[in-house]
Amino acid sequence: MQKGAIRVQTENIFPIIKKFLYSDHEIFIRELVSNAVDATQKLKTLVSVGEFKGELGDIAIDVRLDKEKKTITIADHGVGMTAEEVDKYINQVAFSGAEEFLKKYKGQENGTNIIGHFGLGFYSSFMVSSKVEIFSKSWKEDAAAVRWECDGSPEYELEEVSKEDRGTEIVMHINEESEEFLDEGRIRSILEKFCKFLPVPVTFEGNQINNTNPAWTKKPSELTTEDYQNFYKELYPFAEAPLFWIHLNVDYPFSLTGILYFPKINKSYEMQKDKINLYSNQVYVTDEVKDIVPEFLMLLHGVIDSPDIPLNVSRSYLQGDPNVKKINAHITKKVADKLDEIFRNDRKAFEEKWDSIGLFVKYGMMTDDKFMEKANKFLLMEDVDGGKFYTQEEYRVEAAALQTNKEEKLVILYATNPVQQDSYVQAAKNKGYKVVKMETLVDAAFINNIEIKWDKVSFTRVDADIADNLIDKDENATTVLSQEQEGTLKELFGAQVNQPNIKVEMKGLSADAQPVIVTRPELMRRMKDMAAMGGGGGMNWYAGLPDEINMTVNANHPVYVQILKENDNTLQQKQIKNLADLALLSQNLLTGADLTAFVNRSVELMGEKK
Ligand code: ADP
Ligand code: MG
């Protein structure tokens, strides 16, 4: 029997392992099963190059639980290890990287957390074991089987034993604090999490845990639509069918495979993040793919697999890694290309899915300029009437003649609530304007953001001004009233509507436009909307301001000729007040005591009618 001290660069790694790996104990299974997979894959390689000529036999990796002996065993039929190999690969722990790391992060609050993500490979078994045994028999002819044992002190034992079959068995004697792992359910769920798609069969209590051949490892040409949909179901059994997917398949300059699915989004508040799983050679690593996947695509579902991202991921590591940056850029490009392809080849399908796709596209355009460049071609805006979609270019072609303002900017008119803003929408349409829907939360942010990025475009909500003024063209309409009549009317309104936040102006609009029109100036309204959403630092004081309202009196409306003829002064005043209130009411701006007064006054006016 050989006895010796495990050679590490720090004096003793075990206290470090026990102390610092505390957060993520379950990864010991991932580490040991991946070692077993590696050993099996190595053997298969030896078969293919003709070095190993024996029988492969059953190569399944078996995970066994013995509650009585309090052991977990992971057994493979891979290459195994000779005594020399155990000495070389197990007894020499190259720990310099971790030592450096510890020095760097000593005393930092999440230092332990970061180490928790550092796979320590085989030695992670000591997080949960009071003793670990290795039984191994190498594939090499005449190699003697060996047993290695270590109880967590730096001393190990190594001896020859007899072992029938080729391969390695790691026996972990689970320590008292880790007895939670001596539970079938727990083991199974850990295996399902980390080992679900490993390339070598893994069995536990007679059942195979994994699909060794998941869709993303195949060539896109080998897969049918149904295959992609079935794989989605395998990943998310309860989700609705995805809209479409992107199969990633790159080997140079980095290696990346995977399938990203666009989920169907019914309501934007139901969006779920963290639905993309990161794998490294089919070993599950994490579902925290921030930095690898661009922020705006975090709502996608699916799998990405890159051996260039090591198992030992930590946030600080990922941020600085050049491969991660490249992968991120690649995914963005792929998604943009795919959207562009669907848009060009099947515009109808694209439009039908726009409710869901639009969210990604808008979010992407706001956060990623490269994406925006491509998305400018396929961003759609839906007409308020529904069913008709414009790209920016198409809107420009249809609307430029009528909707270019004095600064030569294209004015895109939009409604956030087509039902509530209907009278404004109708007024704008009567002038031949195109009004699009911008109904969602992301739209509000999108408009603010994109207006700055798009050249010569400005967005105006359809109720931001009276239809004649929506496109600021520097024209002035005159009224049919005499100067004297105008003066009287102005006085009447001035007396009836005297609130500092309401600005009354007189305009000569067409006779069939409303007699009084209430609008909220675009800029002020946006500020208040943003403040209400809690955005924009210094903007919060806007939220407390009263609504700033423009009240336009259409002096050309025939009702005023009638009212001005009226001899009864009180009646005249009531009528004017009522017209103003009606306009406020149509914009949901009449509430409380004002609303009550309006109702009472209306009833009175009815009685006074001759
Ligand atoms: P890594 O897997 O990153 O090399 P580990 O600490 O997990 O680090 O394993 C160290 C080495 O021990 C492996 O590279 C391999 O040579 C050997 N080894 C571990 N487990 C097995 C096994 N089940 N069969 C054969 N060799 C193994
Ligand atoms: Mg390993």
Side-chain angles (χ1 to χ4, degrees), residues 6-10 13-14 16-17 21 24 26-47 51-52 56-64 72-99 101 115 117-129 132-140 143-150 152 154 156 158 161 163 165-172 194-195 198-203 280-285 307-313 317:
I6 287 159
R7 298 181 287 283
V8 289
Q9 283 170 21
T10 46
I13 61 161
F14 295 105
I16 297 172
I17 289 170
L21 291 178
D24 226 359
E26 63 183 26
I27 60 122
F28 77 94
I29 294 202
R30 176 188 82 187
E31 293 297 332
L32 295 194
V33 175
S34 349
N35 282 350
V37 168
D38 288 347
T40 313
Q41 301 287 54
K42 282 179 196 164
L43 189 70
K44 284 196 196 161
T45 310
L46 293 175
V47 171
E51 272 188 53
F52 176 72
L56 253 190
D58 178 10
I59 53 155
I61 295 159
D62 194 31
V63 179
R64 291 173 213 145
I72 297 172
T73 300
I74 293 172
D76 67 62
H77 299 97
V79 283
M81 284 178 278
T82 61
E84 296 74 46
E85 283 165 337
V86 171
D87 199 41
K88 185 167 164 200
Y89 296 127
I90 302 293
N91 290 340
Q92 286 192 52
V93 183
F95 210 59
S96 58
E99 195 186 20
F101 186 88
I115 286 215
H117 291 281
F118 259 65
L120 280 172
F122 169 73
Y123 277 94
S124 64
S125 56
F126 284 96
M127 293 190 298
V128 297
S129 309
V132 178
E133 291 174 282
I134 302 175
F135 296 86
S136 194
K137 187 173 174 184
S138 166
W139 64 280
K140 290 172 187 156
V146 290
R147 189 185 79 93
W148 176 93
E149 176 191 311
C150 178
Y156 68 87
L158 184 64
V161 287
K163 182 178 187 299
D165 47 352
R166 178 201 67 232
T168 304
E169 273 179 35
I170 311 280
V171 182
M172 286 162 278
F194 290 108
C195 306
L198 283 177
V200 176
V202 178
T203 56
S280 175
N281 280 327
Q282 295 174 242
V283 183
Y284 172 83
V285 179
D308 291 335
I309 301 168
L311 289 179
N312 322 323
V313 280
Y317 172 82

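What you see is a predicted model, and the numbers here were worked out from it, not measured in a lab. Start at 1 and go down the list; that is how both ligands and their atoms are numbered.
At a heavy-atom cutoff of 4.0 Å, ligand 1 is contacted by no atom of L32, backbone or side chain. Looking at I170 against ligand 1, nothing comes within 4.0 Å, counting heavy atoms.
Ligand 1 places these atoms under 4.0 Å from at least one heavy atom of M81: 17 (C), 18 (N), 21 (C), 25 (C), 26 (N), 27 (C). Atoms of ligand 1 lying under 4.0 Å from any heavy atom of I90, numbered from 1 in the order shown and given with element: 12 (O).
By the 4.5 Å heavy-atom criterion applied to side chains, V146 and T82 are not counted as neighbours.
In terms of polar-atom proximity, N35 is counted as a contact of ligand 1, with an N or O under 3.5 Å from an N or O of the ligand. Some N or O of F122 is nearer than 3.5 Å to an N or O of ligand 1, by distance alone. The shortest N/O to N/O separation between Y123 and ligand 1 does not fall below 3.5 Å. Here's the thing with D76: one of its N/O atoms is less than 3.5 angstrom from an N/O atom of ligand 1.
In this structure Q41 satisfies the side chain to side chain contact (heavy atoms under 4.5 Å, CB included) test together with V37, K44, P199, V200, sequence neighbours excluded. In this view, E149 and R147 satisfy the side-chain hydrogen bond (donor to acceptor under 3.5 Å, both in side chains) rule, not counting sequence neighbours.
In this structure, a donor-acceptor pair under 3.5 Å is absent between the side chains of D76 and T40.
For W148 and F122, the ring centers are positioned less than 6.0 Å apart.
A distance-only check finds no donor-acceptor pair linking the side chain of N281 to the backbone of P307 [under 3.5 Å].
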